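Worth saying up front: this structure is predicted, and the values here are computed from it rather than measured. In each ligand, atom 1 is the first atom listed, and ligand 1 is the first ligand listed.
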Amino acid sequence: MLRILLRKIMRVRLRVLLWIVCVFTVSLLVTFWTFSDVNDISETIIDSKYPVIVWWNMDFHGISSIKYCSNGVKCHIYGKNDNGMQKYNNVGAYLFYASTLDFKNLPLPRQPKDIIWGLFHEESPRNVEELLHEKALSLFNFSATFSRFSDVPYPLQHIEAFEDIRSKKHFIETSKKNELLNEIAPIMYLQSDCETSTERDAYVKELMKFIKIDSYGVCLNNKELPSKFKDDYLNNLNEDEFLAFIARYKFVIAIENGACNDYITEKFWRAIKVGSVPIYFGSPTIRDWLPNNKSAILLEDYPTPKRLFEHIQVLMHNDRLYDEYLEHKTKQLITNQRLLDEHSFRPYQYDGVKNIDKLECLICERLHDKINGQIGVHIVNKSHYDCPKPLSALTLKVNPDNSWVYSWEYSRSNADSIYDKVINGD
Ligand SMILES: *[C@@H]1O[C@H](CO)[C@@H](O)[C@H](O)[C@H]1NC(C)=O
Ligand SMILES: *[C@@H]1O[C@H](CO)[C@@H](O)[C@H](O)[C@H]1NC(C)=O
Ligand SMILES: *[C@@H]1O[C@H](CO)[C@@H](O)[C@H](O)[C@H]1NC(C)=O
């Protein structure tokens with residue numbers, strides 16, 4: 001996700017860079033012509049006739065630009081600028097990119113008192129554990145996260161395109177999949193990150209005792225990827241050829257490395273896209289986002305590897321039952337109204353750049369409301385980024401000895417002290 005985002009940003013930045021070069025050249029010429037000094041770029045900020053928004057720790061915008069939002073609302077927006085930061089003395093809002101946020105380096109003291117802080121957080125808690133705790137979240141006034149309760153929600157961020165759910169581009173009919181069982185296992189596993197809070201390797205290892213699983217990644221590896229995929233496969237997971245490779249499997253294991261409400265990653269959506277049945281564990285709210293009731297096999301419904309194996313055995317011997325899991329392909333059916341609504345009401349969310357744009361405009365509008373004296377207190381709470389303590393896939397219980405679980409709990413006191421520092425100046 002981030003990589004795609006950054007690639008997009010680079011593209012945008014290239015354009016911005018060209019602009020800057022042009023503007024710079026022109027201003028140099030003007031300078032020579034008038035024999036006057038070039039103005040310090042940060043001086044102009046103070047004179048901006050629009051509210052000023054600064055991305056504190058992310059360079060989404062090069063040096064600066066005017067942001068045009070709906071209803072003719074405009075703001076002046078800046079990327080991070082480590083050298084000139086203290087000169088930004090008329091900032092209306094700071095925006096923070098969670099995954100690279102360093103809590104030791106915040107724009108403090110938080111002044112003026114009514115300054116708005118916005119948080120963009122699209123990734124799993126592994127990147128910044130303090131934000132698992134409400135104290136740290138509550139430093140921010142508005143959020144853009146995958147949670148449906150965020151101010152700019154994007155629970156569907158990891159669907160590349162909504163049509164993919166129904167698309168039969170990579171889909172392989174069950175009879176053909178049955179023939180392929182001469183060459184491959186019924187289940188595929190592909191992970192390179194083996195120590196997870198959800199203990200997926202422990203689960204898969206157990207399941208392997210009952211049924212054949214082709215494991216191509218670093219974790220529990222037992223099969224080589226075809227050589228054409230070997231180099232850099234992590235960057236080619238969404239290439240057509242690779243999707244066709246996955247589509248041959250009846251089932252794909254999709255166990256998240258973290259468990260947050262509404263955090264459903266491409267592990268799940270990729271299986272849906274190619275028409276393989278995901279064996280899923282992770283987000284506690286997964287049921288709310290399944291295309292149909294039976295679009296995935298959820299671990300919690302078959303609470304031991306043996307029980308899950310028995311269920312898979314049934315599906316292996318009954319194509320009609322197996323096909324019930326694929327109605328989004330075979331009947332082009334999506335019955336989940338919440339999913340359909342989410343898609344039609346918030347069509348922006350498949351594109352990280354648009355999610356950023358939405359947050360910027362929301363903040364810009366609030367800053368204009370503030371000028372007009374119309375803004376109440378608004379504070380981010382736990383529901384905007386809600387990651388309960390992860391359960392082990394194997395035991396379906398919290399394992400306090402799991403190092404992630406331990407460290408996440410441990411980060412609570414960090415969150416407390418950051419809060420004290422920002423709010424009480426301790
Ligand atoms: C999904 O399952 C529930 C419970 O079995 C049922 O009430 C509901 O009608 C089903 N929804 C769809 C869309 O099939
Ligand atoms: C923004 O959040 C801070 C920290 O929680 C809070 O003190 C302040 O009142 C909030 N401001 C607005 C305008 O909501
Ligand atoms: C948390 O935030 C949501 C959305 O902003 C709001 O609807 C809810 O009332 C808040 N919950 C609490 C306990 O303040």
[X] near ligand 2 by a heavy-atom separation under 4.0 Å:
| X | answer |
| --- | --- |
| V377 | yes |
| R366 | no |
| I423 | yes |

Checklist entry - With a 4.0 Å cut-off, strictly under, does atom 5 (O) of ligand 3 pick up any protein heavy atom? => result yes
Checklist entry - Checking ring-ring contact (aromatic ring centres under 6.0 Å, His included) for the pair Y385/F140: CA distance, chi angles, key distance, verdict? => result CA-CA 12 Å; Y385 193 85; F140 303 91; over 10 Å; no
Item to check | Polar contact flag for H378 and ligand 3 (N/O pairs, less than 3.5 Å) | outcome: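 No; every N/O pair is 3.5 Å or more apart.
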Checklist entry - Got K267 and Q191 here, is their nearest side-chain heavy-atom distance under 4.5 Å? => result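 Answer yes - side chains close enough.
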Inspect the surroundings of [atom1] in [X] and state if more than 12 heavy atoms from other residues, nucleotides or ligands are less than 6.0 Å away.
| X | atom1 | answer |
| --- | --- | --- |
| K306 | NZ | no |
| Y348 | OH | yes |
| E310 | CD | yes |

Next on the checklist: Would the distance check show the side chain of D59 and the main-chain N or O of G79 forming a donor-acceptor pair, the cut-off being under 3.5 Å?
Outcome noted: no
Checklist entry - How are the rings of Y350 and H343 set relative to one another: parallel (under 30°), tilted (30 to 60°) or perpendicular (over 60°)? => result tilted
Checklist entry - Going by the order shown, which atoms of ligand 3 are within less than 4.0 Å of some heavy atom of F149? => result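 In order of numbering, the contacting atoms are 4 (C).
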Checklist entry - Looking at S383, which atoms of ligand 3 are within less than 4.0 Å of one of its heavy atoms? => result 1 (C), 2 (O), 3 (C)
Nearest protein heavy-atom contact for [atom]: which residue, which atom, what distance?
| atom | value |
| --- | --- |
| atom 8 (C) of ligand 2 | N141 ND2, 3.8 Å |
| atom 3 (C) of ligand 3 | N381 ND2, 3.7 Å |
| atom 13 (C) of ligand 2 | G376 O, 4.0 Å |

Next on the checklist: Any salt bridge linking K294 with D301? Criterion: basic side-chain nitrogen under 4.0 Å from a carboxylate oxygen.
Outcome noted: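 Not counted as a salt bridge, because no side-chain N and carboxylate O are separated by less than 4.0 Å.
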Checklist entry - Which of the atoms of ligand 2 are close to S138, meaning less than 4.0 Å from one of its heavy atoms? => result 4 (C), 5 (O)
Item to check | ligand 2 contact on R110 by region, counting heavy-atom pairs under 4.0 Å | outcome: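 The answer is the side chain.
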Checklist entry - Side chain, backbone, both or neither: which part of I379 has a heavy atom under 4.0 Å from ligand 2? => result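 The part of I379 near ligand 2 is the side chain, not the backbone.
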Checklist entry - Between W117 and F96, does the ring centre distance come in under 6.0 Å? => result yes
Item to check | Under-4.0 Å heavy-atom contact with ligand 3, by part of K382 that carries it | outcome: neither
